[in-house]
Amino acid sequence: LQQIADVDSRIAARIVNELHDQRTHLKLIASENFSSIASQLAMGNLLTDKYSEGYAYHRFYAGCDNVDAIEAIASEYACQLFGAEHAYVQPHSGADANLVAYWAILNARVQVPTLAEMGVTNPSEMSREMWNQVRAKLGNQKILGLDYYSGGHLTHGYRQNVSAQMFDAYSYSVDQKSGLLDYDAIEKQAREIKPLILLAGYSAYPRKIDFKRMAEIAHSIGAVFMVDMAHFAGLVAGKVFVDAYNPVLWADVVTTTTHKTLRGPRGGMVLCKAEFAESVDKGCPLVIGGPLPHVMAAKAIAFKEALDPSFAAYAQAIVKNSEALAKACMDEGITVATGGSDNHLMLLDVRSFGLNGRQAETALRECGVTLNRNALPFDPNGPWYTSGLRIGTPAVTTLGMGAEHMKEIASIIALVLQNTKPVVLTKGENAGQQSKAKAVTAVAVKDEAQRR
Ligand code: PLP
């Protein structure tokens, strides 16, 4: 740290402050965790200085022996951990992993001409005319994924994401009454749309998914079945999601992040059946540029950690805590979407407290609880203010918390929400109306929440 401070004291101070923040606030953000020191050190070192475009033992750069070994070890552990036929550990993030997967599926199924077929050795040499040829070949392929407002991710075909430029994007929603996926409705929609890719996976759906059923739907219409398990990869690695609920068994291509329930460094990965391996390995020059050897080393460390039997116990504890926290919230009178959780996350509806998600998020943060607001399915408050909160248990489970702590957390959340009121505006055009962004919490309640 001193060496960082010698270069810039403000950055050093922010690292220390962040440590303090993460130690003094309850981390309930569903996509966050605490990675191990071994994984953090594997990531923060001289490996960052090495270029290694290509893939293991097939590089565009010299001197990649060590990176070759690191990438091969990380892939080997990933295959072992997930029982996958092939693993590509280069993607820098979950979003990149999805891009690599989309491009690989298009390449494998739509037969885009290879660079060699077009007579080029480097993508930067491709002329506009060549790109136009590629585009014409790709045609107007369709993707069908979970709607962003029902818990899907931006990269699943949301209109403002590049995925909606690459594909003619369609979405399925959850059932309006139950908030659950309706497989019959998805099947009907898939048969009508006939997408190239049927995509399952989520950022904010509190239940497990029947991937066997989804695969049957996809394969019955000749679609590629892709799963983005960014959020719940740790539950797959820890054998909580097995049989019909294990996406690696059923999907042609699986993407993930490595930093959420999987508890590794920030990054992405693609797992796939052998059919897609060659196309997936082309990800680097076509989509993501140079790999990050330091992050691949940290991924290998995290996968090795997850191969230890203690990780399965951890994964089970995440889900037990999530079930317990959802139940405790309901016991406190808080509405929980779908009536519970059987993964690592839940969605609370805060409207009965006269608040929107943004107000509730801010109030809880002021009381020492860090979580994020999230749109509920069909949310009248939209994705910015929202009516909901998303809560996850991966990080508090890493801290060793159990069912009793979940009760305590639910009671703190209820205490804060019950004692928070929206700020009434006094000036300007909206005077007399409630601020959509601000709320105040009784001072005594803040003190009490912080103390507990
Ligand atoms: N896919 C899903 C389902 C996600 O929830 C996220 C991130 O929250 C991503 C992809 C993107 O991951 P990253 O932030 O690493 O790009």
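In listed order, ligands and their atoms are each counted from 1.
- The distance from ligand 1 to the heavy atoms of His231 drops below 4.0 Å at these ligand atoms: 5 (O).
- At a distance under 4.0 Å, a protein heavy atom can be found next to atom 8 (O) of ligand 1.
- From the protein, the heavy atom lying nearest to atom 14 (O) of ligand 1 is His259 NE2, 4.6 Å.
- Between the side chains of Ser39 and Glu305, not a single donor N or O lies within less than 3.5 Å of an accepting N or O.
- Counting non-hydrogen atoms of other residues, nucleotides and ligands closer than 6.0 Å to CZ of Arg213 gives a total above 12.
- Salt-bridge formation is not detected for the pair Asp21/Arg14: no Lys NZ or Arg NE/NH1/NH2 atom is positioned less than 4.0 Å from an Asp or Glu carboxylate oxygen.
- For atom 6 (C) of ligand 1, the closest heavy atom belonging to the protein is His153 NE2, 3.2 Å.
- Salt bridge absent: Lys142 and Asp168 never bring a charged side-chain N and a carboxylate O closer than 4.0 Å.
- Considering backbone and side-chain atoms together, Lys260 places an N or O closer than 3.5 Å to an N or O of ligand 1.
- Closest protein heavy atom to atom 5 (O) of ligand 1: Ser203 OG, 2.7 Å.
- Between atom 2 (C) of ligand 1 and the options Thr155, Thr257, Asp228, Thr255, the minimum heavy-atom separation is to Asp228.
- A distance of 10.5 Å separates OG of Ser173 from CG of Asp182, quoted to the nearest 0.5 Å.
- Under the 4.0 Å criterion applied to side-chain N and carboxylate O atoms, Arg365 and Glu361 are not assigned as salt-bridge partners.
- The one candidate from Asn374, Thr335, Ile413 that meets the side-chain contact (heavy atoms from CB on, under 4.5 Å) condition with Leu348 is Ile413.
- Ion pairing of Arg109 with Glu275 is present here, as a side-chain N (NZ or NE/NH1/NH2) and a carboxylate O approach within less than 4.0 Å.
- Proximity of Ala230 to ligand 1, defined as any heavy-atom pair under 4.0 Å, is confined to the side chain (atoms from C-beta onward).
- Nearest protein heavy-atom contact of atom 16 (O) of ligand 1 is Ala95 N, 2.9 Å.
- Under 4.0 angstrom from ligand 1, there are no non-hydrogen atoms of Arg266.
- Applying the 4.0 Å criterion to heavy atoms of Tyr202 picks out, from ligand 1, the atoms 3 (C).
- Scanning the protein heavy atoms around atom 15 (O) of ligand 1, the nearest turns out to be Gly94 N, 2.8 Å.
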